[in-house]
Number of protein chains: 2
Amino acid sequence: MHSLHIYQSGTGHVSGRNTDYAFEMACSNVRYGKGVTREIGMDLQNLGARNVCLMTDRNLSKLPPVTAVLDSLARHGVKYECYDSVRVEPTDYSFKAAIDFVKKRNFDAYVAVGGGSVIDTCKAANLYACHPEADFLDFVNAPVGKGKPINRSLKPLIAVPTTAGTGSETTGVAIFDFEDLKAKTGIASRSLRPTLAMVDPLHTLHMPARVAANSGFDVLCHALESYTALPYNMRSPCPTNPITRPAYQGSNPISDVWARHALCIVAKYLKRAVHNPDDVEARSSMHLASVFAGIGFGNAGVHLCHGMSYPISGNIKTHKAKGYRVDHPLVPHGLSVVLTSPAVFAFTACMCPERHLEAAEILGADVRNVKTEDAGCVLADILRNFLYDLEVEDGLSEIGYSKEDIPELVKGTIPQERVTKLSPRSHTEEDLTRLFEASMTLY
Amino acid sequence: MHSLHIYQSGTGHVSGRNTDYAFEMACSNVRYGKGVTREIGMDLQNLGARNVCLMTDRNLSKLPPVTAVLDSLARHGVKYECYDSVRVEPTDYSFKAAIDFVKKRNFDAYVAVGGGSVIDTCKAANLYACHPEADFLDFVNAPVGKGKPINRSLKPLIAVPTTAGTGSETTGVAIFDFEDLKAKTGIASRSLRPTLAMVDPLHTLHMPARVAANSGFDVLCHALESYTALPYNMRSPCPTNPITRPAYQGSNPISDVWARHALCIVAKYLKRAVHNPDDVEARSSMHLASVFAGIGFGNAGVHLCHGMSYPISGNIKTHKAKGYRVDHPLVPHGLSVVLTSPAVFAFTACMCPERHLEAAEILGADVRNVKTEDAGCVLADILRNFLYDLEVEDGLSEIGYSKEDIPELVKGTIPQERVTKLSPRSHTEEDLTRLFEASMTLY
C-alpha cells in the first residue's frame, strides 16, 4: 500500500498520477418478482438440465422457499437430488462434505436455496466437481491457499436467496471458516458467480426478526466498506493479465452507484423490516438492497469490518445467537461485521472524509457545519445510534470476548489481506488492537 | 395496453394490483480504464481463441482504437481476419454481407471496434454464423420478422465502443434499417449481449464534435425513455416461460438507478464533451454514461422517441449530417431520436409526472412550485434549451421533412411496437401525427 501518499485526504479521488489501472464490473443476471421462484423448473428445462443438485439447509428444507422450488421442479419434470446438510456459517469440513456429495453424482446444474451459507457452499461444490483433480487449497485465497485462477467454466447455478444480506447471489465469492486457523477465508473468482440470481421478495417474509437485522447489517457494511474502499486505480499490484484481476478491485464509479443506493435503502427500510415482519415493502426493499450492495461490493470489495469479522466469528466459544436454531456456538456473520463498524469508520475517515460524511448524512446525521476532521466521529455516532435502535449487543464483550482475546483476534485478521488491503488507510497490528479494543463496548 | 387505467397518474408506481410480473436484469461484463484496450490480446488468449473476426468500419480502420487492438493481437500472437465493410447505420443488406463473410470462415471469437453500427453488425454476424440453417427473418423482431427465441449460445464477442452513445456494448439488441420497409427494426435477445464491454475512455477523444453531440443525445434519450417507460409489472402479456421474457421489459427498480445516474452525467458533462474535445474528464464521463444508460435501457427498453426515430432515419432523402464522412444520405441515430423528445415527453408526462419533473430538475430546470400538470411542459422546455445550446437542427423541417411526409413517418412507426408499446401513455395514429407535427420546429 506504498502508493497511499497520493490518495489525497479530503477529496476521495486520486490525484497526481494518471494510472493505467482498469476495473471490471461483473454480476449475475438478476431476476426479481413476487413468486418468481415458480419459474425455476422452466429455466432448468431451458438450460437442458437432466440431473439437478438442489442445495439448502435443514431449517429451510420444509419452508416455502424450498417447497416452491420443489413444486416447480416436479411440475416441469426436472430430475434432482437434494443436499440439505449445509452448515450455517460453513467450514472447510462442511464445504468438503458437500463437495464429496456432488463429486459422486453427475450433476449438470445447481440450485441453491438459502442464505449466504447455502449459496457459498453450492458455489464451492460446483467448482470442485468441475475440477475433480484439484486439491481443496488450490483455489482458496492466498495466503491461506494457493489462489489459483479458475479458467474452466462451471455448471449453471441458480441462486435463490432467502435472507436479505449476503449478496452472494450476485458475487464470485464463497466464504468459509477454516477451522485450523479459526478464521474465515474464501474462494474468489468471477467464474463462481451464479448464472442467475432469482430474487423473490416473498421469501424474506419467513426471516425471523434477528435474521432480518443481522443480514441487514451485512448489507449496511457491504455498502459502507465498498464505498470507502481504496479506489481501483490505487490498488497494487496492477495485474499483468486480466485473468488475474481480483474480484475485489477497490471502489470505482460503477460500484459507487450501487453502494450509495443500497445505503439509502438500508437507511429508509431496515428498521421497518426488522420491527415489522409483515411489512412487505420494507422486506422486499431490503431484499433488493442486498442485491444492490452485492453488485457493489462484489466488484469493489470490502475492507476492515469484514476482515476483522472473520476471527470474531471463528473464535467464538459459547455465544449462541438470539433467534437462530443451530447446535453450535454462533455469531451471525452480519453481527460480527457490524460490531466493529463505529471504530473502523472513525479510523478510515481521514482518507476520504467526504465519503464518510455523505454516508453519515444518508443514515440521518445532520452534517451541516461538520468539520472535515470530524467526519469519522459523526459517522461512528450515527452508526451507534442506528445499532442501539436495533437492539444490537453492546459490543464484542457482550458476545463473549474480553481484552485477553484481542491478540488472537488480531492474529486472525492478519491473513485476511484479500480484504484488509482494500482499507483506504494502511494499518499496523497496533491499529488493529486499538480497533478491537474500541469495539468491546459500543454505547 | 388495456391495463393502463391502473397506472395511476402522479405516482409513477403501480397500485391496486398485486402482480406476479418479474423482470430480469442482465448486462455484459464491463471493463473500464485508460488504455485497457491493450489487454485484448490476452483476453482472447485466455478464451482460447484461435481464429478471431475483427469487425470495424473503414473510417475507423486506420485510427488509434483499431490500431491499439491490432497491436495487442500481434503482440500476443492472436490470429485474426478483419472485416471493415460495416455500414454506418446498417441495413439488412449490410448485415447480410457481414453474415456472408463470417459464415465462410470458422471464427471462434469476435471483436467489434466502433460505434453501435459496428457492434450491432458483429452481434448479428455472430448470431447467424452460430445458426447457419436459420433464415434472416427468423430472429428479427416481430411483426417484421418471426422473433424466434435464441437458445443456442454464441461465440464470445468483445465490444470496444468508440462513441459515447449506443450502449450496444452492454445490450442484447442489434438494430438495422430494413430497406423495403424504410424503417429500422432489430434483433433482441439476452444471448446477443457481448461477453465483455471494453470501455477505454481514450477512444472517445477521437470523436468529432458532432458525433459527440449526436451520440450524447442517444444517451440522453436512453435515460429519459427507460426512466419513463411503462413499469415492468404493467406490461402485457406476462411471459409464460422466462425464455420469452423480452430484453425490453419496462422500467424497474434496477434500470431506474442506471437511468437516473446516466442523466446526471449527461446534465453535467455533455456540453463540455461537445464543446471541448480535449476535455478528458467530460469525454470519459460521457463514455461511462453511455454504458450506464445502456444497462438501463437494455433491460427496461425505450419508447416513443426511439420508435419514431426509425422512420425518421429510414425515410431520409438528401440530408447529410454535419461532421460525418459517409457516401449516402444520413441522419445520425442520436439526432433522429432527440428531435421528437420535447413533444414526446410533453405527451407522456401525465402518466408519471413526478419522474418527468425529476428529469427536468436533473437537467437544470427550477421545479419548485411547478404544478404536476405542467411537468411535461417544463421538461420539454428544458430539453429545447439544452438542444439549442448544442446547436441542434431546428426540428424535422431542417433535416428535410415537411407536413406531407407525416403519414409516411406515422406508417413507419406502427411496426415499432417492440418499443412503442413501452410508452407509459397509449397512443393512436392521430397522437403520432400530432407528435411529428410538433417536432417540425423546436425553437
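Just so it is clear, the structure is predicted and the values come from calculations on it, not from any experiment. Lettering of chains follows the sequences in order, A, B, ..., and the numbering in each one begins at 1.
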### Message
Can you tell me which of A:Ile243, A:Asn299, A:Asn252 forms the most heavy-atom pairs within a distance under 4.5 Å of chain B?
### Response
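Option with the greatest count: A:Ile243.
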Going by the rule side chain to side chain contact (heavy atoms under 4.5 Å, CB included), which residues pair with B:Pro149 if we only count those two or more places apart in sequence or in a different chain?
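Testing B:Pro149 for side chain to side chain contact (heavy atoms under 4.5 Å, CB included), a comparison that skips the adjacent residues, returns none.
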Partner chain A: residue of [options] with the largest heavy-atom pair count (under 4.5 Å):
{"options": "B:Ile254, B:Val30, B:Val199", "answer": "B:Val30"}
{"options": "B:Gln45, B:Met25, B:His261", "answer": "B:Met25"}
{"options": "B:Pro253, B:Pro242, B:Ala26", "answer": "B:Pro242"}

Hits for ring pair (Phe, Tyr, Trp, His ring centres under 6.0 Å) against B:His131, two or more places apart or cross-chain, chain-then-number order -> B:Phe139
**Asked** So, for B:Val219 and B:Val266, which heavy atoms are closest and what is the spacing to 0.1 Å?
**Response**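 Looking at all heavy atoms of both residues, the shortest contact is CG1-CG2, 3.6 Å.
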Exercise. Using a heavy-atom cutoff of under 4.5 Å, enumerate the residues of residues 285-296 of chain B that contact chain A, numbered in order, or state 'none'.
Key: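 Under the 4.5 Å heavy-atom cut-off, B:Leu288, B:Phe292 qualify.
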message = So that I can tick it off, tell me whether A:Asp256 and A:Arg355 are bridged by a salt bridge, with the cut-off set at under 4.0 angstrom between side-chain N and carboxylate O.
response =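 Yes, this pair counts.
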Yes or no on ring-ring contact (aromatic ring centres under 6.0 Å, His included) for B:Phe23 and A:Tyr32, after CA distance, side-chain angles and deciding distance? CA-CA 6 Å; B:Phe23 67 87; A:Tyr32 175 91; 5.7 Å; yes
Across all chains, not counting sequence neighbours, the salt bridge (Lys or Arg N to Asp or Glu O under 4.0 Å) partners of A:Asp279 are A:Arg272
Distance col, row B:Ser255:OG vs B:Arg260:CZ, nearest 0.5 angstrom, shows 9.5 Å
Okay, A:Leu47 and chain B: the region with an atom under 4.5 Å from a heavy atom over there is neither
So, the part of A:Asn241 with a heavy atom under 4.5 Å from chain B: the answer is both
Is it true that atom CZ of B:Arg50 has more than 12 heavy atoms of other residues, nucleotides or ligands lying nearer than 6.0 Å? no
| Does any non-hydrogen side-chain atom of B:Glu169 lie less than 4.5 Å from one of B:Ser28? | no
